[in-house]
Amino acid sequence: MSRVLVLGGSRSGKSAHAEQLLEGWDEVTYLATSQVDAADAEWAARVATHRARRPAHWRTVETTAPSELVRSGAVLVDSVTTWVAALMDETGIWDVADDAGAHAADRSPADAVAARERLAERCDALVSNWVMTPAHVVAVSDEVGLGVVPETRAGRLFRDTLGVVNQRLAATADEVWFVVAGLPQRLR
């Protein structure tokens, strides 16, 4: 079993490459880390495209629980990017990171510290389960460090958090791929 990280920019072809890496596996669990919001037609269309491309025999689990990585067989995580965003939602970090939030006057420094600690714990759990899983795992994540510096504090926090998680996953991965314009390049 091994851990494979596939990085790339938006629409780079990283998900399709990750799926190709699992060709030939009879049992694959697809960990979908993003939920479809009926009000967001564009996102729903993206999710539908991913669903249609997956083999019918793959099992899909919609989750943001890091413990779902600890399973046997083959697992495709798509994606770490939306997983980190969900962890940020779940920990309340957006409320303390937003420069112009509606509740800015209600925030205390202790709220910010507690939210950062909750986020760090959830990210630690994600990396820990990645390292401990007996499964063959292929995880997809966006490389967000190649673009412009986000204008907002919340945007920078997301970019920085995902960048650190990607580094931690890559450090313990058996293979790391970078996909650019549909062309996969093996880094490790």
Side-chain angles (χ1 to χ4, degrees), residues 1-34 43 45-88 122-150 155 158-188:
M1 299 303 169
S2 62
R3 290 175 300 278
V4 180
L5 181 62
V6 180
L7 300 166
S10 296
R11 299 298 213 200
S12 64
K14 61 191 176 296
S15 293
H17 178 67
E19 292 164 6
Q20 289 173 358
L21 291 173
L22 289 167
E23 285 180 359
W25 283 84
D26 291 332
E27 294 183 32
V28 176
T29 301
Y30 186 101
L31 295 185
T33 61
S34 173
W43 186 254
R46 283 181 183 230
V47 170
T49 298
H50 280 245
R51 285 179 181 156
R53 194 173 57 221
R54 288 196 296 265
H57 67 276
W58 285 12
R59 179 175 172 245
T60 299
V61 176
E62 294 182 359
T63 186
T64 59
S67 61
E68 289 292 340
L69 277 172
V70 181
R71 57 178 62 242
S72 60
V75 176
L76 174 60
V77 178
D78 200 355
S79 78
V80 174
T81 309
T82 54
W83 202 336
V84 168
L87 296 180
M88 293 178 83
R122 293 298 304 267
C123 290
D124 287 348
L126 172 64
V127 174
S128 177
N129 283 287
W130 161 267
V131 170
M132 293 183 333
T133 187
H136 173 72
V137 179
V138 177
V140 176
S141 191
D142 285 86
E143 176 50 67
V144 293
L146 297 175
V148 298
V149 175
F158 174 73
R159 180 217 43 208
D160 294 350
T161 301
L162 182 60
V164 169
V165 168
N166 283 344
Q167 288 180 49
R168 292 176 69 192
L169 296 176
T172 58
D174 299 297
E175 292 180 28
V176 179
W177 292 83
F178 187 62
V179 182
V180 179
L183 302 172
Q185 303 296 311
R186 186 168 176 178
L187 303 177
R188 177 194 308 195

Between [X] and [Y] (side chain of the first, backbone of the second, donor and acceptor by atom type, cut-off under 3.5 Å), is there such a pair?
X	Y	result
R168	L126	no
E143	G145	yes
T133	L69	yes
R188	A173	yes
D174	V4	no

Non-hydrogen atoms of [X] and [Y] that approach each other most closely:
X	Y	answer
W177	P184	CE3-CB, 3.8 Å
F178	G8	CE1-CA, 3.9 Å
V70	P134	CG1-CD, 4.1 Å

side-chain contact (heavy atoms from CB on, under 4.5 Å) for V180 and S12? Distances and angles first, verdict last. CA-CA 5 Å; V180 179; S12 64; 5.9 Å; no
Which pairs count as salt bridge (charged side-chain N to carboxylate O under 4.0 Å, His left out) when at least one residue sits in residues 55-64, sequence neighbours excluded?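 Output for this query lists R51-E62.
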Is any side-chain heavy atom of [X] less than 4.5 Å from a side-chain heavy atom of [Y]?
X	Y	answer
T161	C123	yes
R3	L5	no
V140	L76	yes
L22	H136	yes

In sequence, state the C-alpha distance, the side-chain angles, and the governing distance for V75 and W25, and then conclude on side-chain contact (heavy atoms from CB on, under 4.5 Å). CA-CA 10 Å; V75 176; W25 283 84; over 6 Å; no
Check L162, T33, V144, D142 against V84 for a side chain to side chain contact (heavy atoms under 4.5 Å, CB included) and give me the one that passes. L162
Of T60, T63, T64, the residue whose pairing with L31 passes side chain to side chain contact (heavy atoms under 4.5 Å, CB included): T63
Does Q20, at its CD atom, have more than 12 non-hydrogen atoms belonging to other residues, nucleotides or ligands within less than 6.0 Å?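 Atom CD in Q20 is crowded, with more than 12 foreign heavy atoms closer than 6.0 Å.
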Residues passing the salt bridge (Lys or Arg N to Asp or Glu O under 4.0 Å) test with R159, sequence neighbours excluded, are none
Let's go through L169 and S141 carefully: what are the C-alpha distance in whole Å and the side-chain angles of both, what is the deciding distance for side-chain contact (heavy atoms from CB on, under 4.5 Å) to 0.1 Å, and is it a yes or a no? CA-CA 10 Å; L169 296 176; S141 191; 5.8 Å; no
Nearest-0.5 Å distance that lies between atom CG in L21 and atom CD in E19: 10.0 Å
May I ask you to say whether K14 pairs ionically with D78, meaning some side-chain N is under 4.0 Å from a carboxylate O?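 No, K14 and D78 are not salt-bridged.
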For V165 and W83, run side-chain contact (heavy atoms from CB on, under 4.5 Å): C-alpha distance rounded to whole Å, both residues' side-chain angles, the deciding distance at 0.1 Å, then the answer. CA-CA 11 Å; V165 168; W83 202 336; over 6 Å; no
